[in-house]
Q: 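Here it is, the structure, as structure tokens.
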Amino acid sequence: MKLSSILACSLSTCMIDLSGAVPTPFTDFTNSIIWYPAADAVSWHTLYARPLQLPDESLIITWENYPLEPPLVNHPILRSVDGGATWTNYSAINDQVNGWGMRFQPFLYTLPQQLGDFPAGTILASGVSSPSNLTGGVYIELYASVDNAQTFDFVSHIAWGAGPQRVSDGSFALWEPFLTVYENQLVCFFSDSRDPSHSQKLSYATSSDLRTWSDEVDAVVYQTYEDRPGMPTVAYIATTGRYILTYEYCGAEGCGIFYRLSTSPLTFSDAGDNIVSPAGTVPSSLGGNPYMIWTEHPDQTDGSGLLILSAGGQEEVYLNDDAAGATSWRPADVGMWSAYSRGLSIISVNGRKKLQFANGGNMGDPNDNSIATGIVEVPT
Ligand SMILES: *[C@@H]1O[C@H](CO)[C@@H](O)[C@H](O)[C@H]1NC(C)=O
Ligand SMILES: *[C@@H]1O[C@H](CO)[C@@H](O)[C@H](O)[C@H]1NC(C)=O
């Protein structure tokens, strides 16, 4: 993404993509920039965007945001009511309890069933809260909205670490929450650096009422201390009844995107490793920071589906059938820029299923980063 020639501007003065035409409402488009960071933004400016379609079929996007502080950083929310063509400032997930801000890796999720006091359809937001100096503690938080994502209230701390919130060995850090419901519990997967025996591992915690959480349970742990599996996402393959956990990891087969399959999302620690190995491709060329989803195949009526994988180092997505064979991944060019942990979502646009991208930029020149989206036919 090369956007440095575009003038940075603030939200109030820049709601449209200066680099090209605004998409026609309810049509397919790619690489539409919907928000620019302010010129004095710090660090990555923007990163790690996450999309969600609300029950009223409007679309929201949030991301890691890096304005100058104060005020405390939050996870802003833009909303589109015209199929992603235009977006306006809608709300934000603000830290209501720590005085630190909502700083890293937001995640949005619609509760599919009632849990505790929270009805089906509640909009959940997770994310990492830590002080700006990255020392003194870190929480993975749960916030909830019962008014269509207009306001979010603090629900619970999912996990706590002593900090510092850094990637170096010996940091008691927490990163990258991912939520899914399984057997009447909310399950939160995350990258966990609190275990002194491991630089990082993947853990999960569970809650049946969203207010109290289990201790962490191992999901992916390697024996070598320095190994750092990270960035978990989980999808359910309805036809085979298996769950797929996807993560980045540098293992014996090189650095790449790994996955495990299991009949329960709570038993990935017993499952074998696979590395995404498309024919003729060096697995490490996919880069890290994967995002995986499953959807029913748009052209088949037998219920079979498609796995769709976003890989940080590639613009293409990678497709696979429900068996998820390690060498049967195939690239599909959808014309969308790559992004660090590019978010994927299957949405409904006037009754038709589409694939939406949420881009927060790459870890290159922060001046190139902004929030972009695209909506395309589900690739097959
Ligand atoms: C967007 O609106 C929310 C309230 O709806 C407000 O808290 C936030 O500061 C606004 N964000 C920007 C960047 O103007
Ligand atoms: C880091 O920030 C926290 C929260 O603002 C503060 O309590 C703590 O004293 C700071 N630590 C250092 C070493 O500056």
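Whatever order the structure lists them in is the order used to number ligands and atoms, beginning at 1. The shown structure was predicted, so the numbers you read here are calculated from the model rather than taken from an experiment.
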Q: Measure the distance from atom 5 (O) of ligand 2 to every protein heavy atom, then report the residue, atom name and distance (to 0.1 Å) of the closest one.
A: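 Sorting protein heavy atoms by distance from atom 5 (O) of ligand 2 puts Pro131 CB, 4.4 Å first.
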
Q: Distance below 4.0 Å between atom 14 (O) of ligand 2 and any protein heavy atom?
A: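 It does: a protein heavy atom is found less than 4.0 Å away from atom 14 (O) of ligand 2.
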
Q: Within ligand 2, which atoms have a heavy atom of Asn133 less than 4.0 Å away?
A: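 Going through ligand 2 atom by atom, the ones under 4.0 Å from Asn133 are 1 (C), 2 (O), 3 (C), 8 (C), 10 (C), 11 (N), 12 (C), 14 (O).
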
Q: Is the shortest distance from a Lys or Arg side-chain nitrogen in Glu64 or Arg103 to a carboxylate oxygen in the other one below 4.0 Å?
A: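 Salt bridge between Glu64 and Arg103, a charged N being under 4.0 Å from a carboxylate O: no.
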
Q: Can you list the steps and then say if Asn148 with Asp56 is a side chain to side chain donor-acceptor pair (under 3.5 Å)?
A: CA-CA 8 Å; Asn148 210 38; Asp56 68 2; 3.0 Å; yes

Q: Distance under 6.0 Å and angle within 45° of the ring axis: does Arg50 meet both against Tyr48?
A: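 Flagged: Arg50 positioned over aromatic ring of Tyr48.
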
Q: Protein heavy atoms near atom 7 (O) of ligand 2, is at least one of them under 4.0 angstrom away?
A: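 Under 4.0 Å from atom 7 (O) of ligand 2, zero protein heavy atoms found.
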
Q: Apply side chain to side chain donor-acceptor pair (under 3.5 Å) to the pair Asn369 and Thr46, showing each step before the final yes or no.
A: CA-CA 6 Å; Asn369 284 355; Thr46 65; 4.7 Å; no

